[in-house]
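Each chain gets a letter, A, B and so on, in the order its sequence line appears, and its residues count up from 1. Here the structure is a predicted model, which means the values were calculated and not measured.
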Amino acid sequence: MARGLQPVRGTHDLFGDDKRRFDHIVAAARSVAAGYGYAPMATPAFEFTEVFRRTLGETSDIVTKEMYTFASGSGEEVTLRPEGTAPVARALVSGGRLQVLPARLFYDGPMFRRERPQKGRMRQFHQVGIELIGEPSPVGDVEVIAAGARLLERLGLTDSVTLHLHTLGNGASRDRYRTALVAYLDQHRGSLSADSQRRLDRNPLRVLDSKAPEDREVADKAPRLLDHLDSDSAGFFAEVRCQLDALKIGYEIDPLLVRGLDYYMHTTFEFVTDRLGAQGAVLAGGRYDGLTERMGGPSLAGTGWAAGIERLSMLTGDNLPAAPRPVLVARVAEDATTQALRCAEALRDAGVPAELALQGSLKRQLRHADRIGARAAVLLGRRELEAGVVSVRDLDSGEQSEIAIAQLPGHVLEMIDGG
RNA sequence: GCGAGUGUAGCUCAGUGGUUAGAGCACCGGUUUGUGGUACCGGGGGUCGUGGGUUCAAGUCCCAUCACUCGCCCCA
């Protein structure tokens with residue numbers, strides 16, 4: 001059984017293929033983002049608590065119960081970031097980087113939420129995300145959605161996910177709708193679940209996507225946000241749909257898609273899957289005009305998304321490029337150290353990953369070569385030293401030959417090319 | 001924060017209240033003192049999550065507790 005110190009609940013160690021898959025997803029996201037002109041950037045893993053309290057909404061669950069908040073040494077209250085968008089907006093404002101707009105930014109890194117862990121949900125999890133700041137047009141939303149779709153395609157997940165699309169409209173539309181919705185729900189308060197009765201008071205839109213069967217009946221007949229949009233909001237949404245159609249990006253209008261963070265408006269979207277248990281969203285975002293103003297800067301448009309790397313990772317499965325196979329350089333004779341180091345460096349100069357084996361019998365070293373998946377082994381023993389050569393063993397075919405040290409990189413490269 | 005399920009070797013799991021708790025895989029060694037993978041032979045490894053209780057006797061039954069998993073809430 002496991003002994004000693006344990007990892008903190010909801011955190012995770014990553015080894016081997018799991019870590020390679022993780023890195024592959026980040027690399028794919030960075031590459032896709034670069035193709036759209038999004039420049040990599042990074043923000044700190046923690047911020048003054050105010051950054052999140054001001055932007056996510058006082059009543060959102062993230063703010064009320066999920067933040068890792070603590071006092072820094074100097075008495076300031078700081079919080080491990082629960083999401084990436086607010087810090088990016090803060091960084092643009094505090095760094096004065098608002099001269100060249102729109103700003104296109106890509107980030108990746110850990111996020112922290114103090115939730116009960118379950119499938120696809122950790123306390124420390126990781127996201128990649130893009131933000132487009134200073135582009136008020138619906139074309140901005142189309143651009144970020146297209147980038148998201150392209151990333152999922154690159155990861156081979158197009159058939160695993162569905163794009164759900166909705167709009168919250170502008171502030172005026174949302175307020176008008178909220179009034180109508182609360183009036184309707186109030187009439188049915190008695191038939192709602194306890195959770196939803198609480199939602200009705202705190203965040204009525206949330207009743208719409210409740211999973212409780214008793215709520216579904218009420219929610220499915222509730223007034224629709226789409227019927228309460230003013231002409232600006234309706235036109236904005238129509239343009240988003242029109243351009244997505246033009247790009248042949250398929251989507252479903254999901255009138256129940258309500259996002260949890262206060263800063264969203266107009267377009268919201270989620271790429272969802274049914275393969276991750278209770279967690280459906282793998283890449284999600286929307287428009288957040290005005291977020292920079294809440295950080296004390298000018299009011300700017302904003303739109304973007306974040307994707308959960310762990311969730312993507314669970315979906316990609318074995319769909320992973322082959323691991324690079326190293327060459328093992330075995331120092332069989334004790335006094336072959338210098339030759340072994342030189343051979344390994346020569347291989348690396350040629351772009352071939354090389355690993356040194358110093359300990360134990362040749363048998364043991366070859367077994368190690370097998371375990372690390374080495375393509376070949378370079379043997380440096382008494383015989384080789386005296387003859388001024390190295391033995392190169394092809395570990396797939398078992399063929400072995402002695403060659404001059406100067407020929408080593410070329411010989412190995414040829415072997416790799418041959419399979 | 002709430003609910004359910006599961007905790008036995010590094011991993012996956014057997015184990016009817018009754019000897020010294022087992023298997024497969026993995027690991028180590030040998031067959032082979034300069035040759036991996038396959039095969040054969042051998043070996044090491046367990047406070048049965050933890051603490052209490054019931055019993056002549058507990059891995060097994062009861063209670064508590066901790067951890068993990070899944071779900072609710074919420075969300076990437």
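Side-chain atoms of A:Gln365 and base atoms of B:rU35 include no donor and acceptor less than 3.5 Å apart. A donor-acceptor contact under 3.5 Å is formed by the side chain of A:Arg311 with the base of B:rC75. Judged by distance alone, with hydrogens and angles left aside, A:Asp370 brings no side-chain donor or acceptor close enough to the base of B:rG37 to form a pair under 3.5 Å. Not a single donor-acceptor contact under 3.5 angstrom links the side-chain atoms of A:Gln6 to the base of B:rG49. For a distance-only test at 3.5 Å, the side chain of A:Arg367 fails to qualify as a donor-acceptor partner of the base of B:rG37.
One interatomic measurement links the two molecules: OH of A:Tyr288 to P of B:rA76, which rounds to 13 Å at whole-angstrom precision. In this structure, A:Glu115 atom CD and B:rU69 atom C1' are separated by 16 Å, rounded to whole Å. Rounded to an integer number of Å, the gap from CZ of A:Phe269 to C1' of B:rA76 is 12 Å. Rounded to an integer number of Å, the gap from OH of A:Tyr264 to C1' of B:rC75 is 11 Å. To the nearest angstrom, P of B:rC75 lies 20 Å from CZ of A:Phe112. Atom CG in A:Leu362 sits roughly 16 Å away from atom P in B:rU32 (whole-Å rounding). B:rC70 atom P lies 12 Å from atom CZ of A:Arg116, rounded to whole Å. Going from atom CG of A:Asp13 over to atom C1' of B:rC11 covers 16 Å, rounded to whole Å.
Within the cation-pi definition used here (under 6.0 Å to the ring centroid, within 45° of the axis), A:Arg241 qualifies as a partner of A:Phe237.
Under the Watson-Crick or G-U wobble criterion, with both distances below 3.5 Å, B:rG17 has no partner in any strand shown. With a 3.5 Å ceiling on both atom-pair distances, the Watson-Crick or G-U wobble partner of B:rC61 is B:rG53. Here B:rC40 sits opposite B:rG30 as a Watson-Crick or G-U wobble pair (both hydrogen-bonding atom distances under 3.5 Å). Of the nucleotides present, B:rG71 is the one that pairs with B:rC2 by Watson-Crick or G-U wobble criteria, both distances under 3.5 Å. Using Watson-Crick or G-U wobble geometry with both donor-acceptor distances under 3.5 Å, B:rC48 finds no partner in any strand shown. With a cut-off of 3.5 Å on both Watson-Crick or G-U wobble distances, the partner of B:rA76 is given as none. If you check B:rC25 for Watson-Crick or wobble pairing at under 3.5 angstrom, you find it paired to B:rG10.
Note on A:Arg206: a side-chain N or O is less than 4.0 Å away from OP1 or OP2 of B:rC75. The phosphate of B:rG34 (OP1 or OP2) has no side-chain N or O of A:Lys363 nearer than 4.0 angstrom. A:Arg114 has no side-chain polar atom (N or O) that falls below the 4.0 Å cut-off from OP1 or OP2 of B:rG1.
Residue-environment remark: CZ (A:Phe70) exceeds the threshold of 12 foreign heavy atoms within 6.0 Å. Within a 6.0 Å sphere centred on CZ of A:Phe46, heavy atoms belonging to other residues, nucleotides or ligands number 12 at most.
Contact annotation: the side chain of A:Leu276 approaches that of A:Val282 to within less than 4.5 Å [non-hydrogen atoms, C-beta and beyond]. Contact check for A:Ser313 versus A:Asp18: no side-chain heavy atoms found under the 4.5 Å cut-off. Here the side chains of A:Arg393 and A:Glu399 are not in contact, with every heavy-atom distance at 4.5 Å or above. You'll find the side chain of A:His24 stays beyond 4.5 Å of the side chain of A:Thr316, heavy atoms only.
A distance of about 15 Å separates the P atoms of B:rG10 and B:rG44, rounded to the whole Å. Atom name P, nucleotides B:rA14 and B:rU35: the rounded distance is 42 Å, in whole Å. Atom P of B:rG36 sits at a distance of 43 Å from the matching atom of B:rU20, rounded to the whole Å. Across B:rG15 and B:rU55, the matching P atoms stand 28 Å from one another, rounded to whole Å. Nucleotides B:rU12 and B:rU31 are separated by 30 Å at their C1' atoms, to the nearest Å. For B:rG1 and B:rU60, the C1' atoms lie 34 Å apart once the distance is rounded to whole Å. Between B:rG3 and B:rA9, the distance separating the two P atoms is 29 Å to the nearest Å. For the P atoms, the distance linking B:rG53 with B:rG45 amounts to 31 Å, nearest Å.
By the 30° and 60° cut-offs, the orientation of the rings of A:His188 relative to A:Tyr184 is tilted.
Within 4.0 Å of A:Met122, counting heavy atoms only, lies at least one base atom of the nucleic acid. Using a 4.0 Å heavy-atom cutoff across all strands shown, A:Gln400 reaches at least one base atom of the nucleic acid. Residue A:Val332 is classed as having no contact, given no heavy-atom separation below 4.0 Å to the nucleic acid. In this structure, A:Gly120 reaches the bases: a heavy-atom distance under 4.0 Å links it to at least one base atom across the strands shown. Using a 4.0 Å heavy-atom cutoff across all strands shown, A:Leu379 reaches at least one base atom of the nucleic acid. Counting non-hydrogen atoms under 4.0 angstrom, A:Gly280 reaches nothing in the nucleic acid. Contact annotation for A:Arg382: base contact, defined as any heavy-atom pair under 4.0 Å involving a base atom. Using a 4.0 Å heavy-atom cutoff across all strands shown, A:Arg393 reaches at least one base atom of the nucleic acid. Looking at heavy-atom distances under 4.0 Å, A:Arg9 makes contact with sugar-phosphate atoms alone, never a base.
Of the listed nucleotides (B:rG36, B:rC72, B:rC27), B:rC27 has the atom at the smallest distance from the side chain of A:Arg371. When distances run from any side-chain atom of A:Arg199 to the nucleotides B:rG34, B:rC74, B:rU69, the shortest one goes to B:rC74. When distances run from any side-chain atom of A:Ala278 to the nucleotides B:rG71, B:rA76, B:rG36, the shortest one goes to B:rG71. Residue A:Gln127 has its side chain nearest to B:rA76 when only B:rC27, B:rC70, B:rA76 are considered.
Between A:Arg198 and A:Gln118, the residue whose closest nucleotide on RNA chain B is further toward the 5' end is A:Gln118. Along RNA chain B, the nucleotide nearest to A:Val8 and the one nearest to A:Ala281 differ in position, and the one closer to the 5' end is contacted by A:Val8.
Using modelled atom types and a 3.5 Å distance limit, the side chains of A:Arg216 and A:Ser210 yield no donor-acceptor pair.
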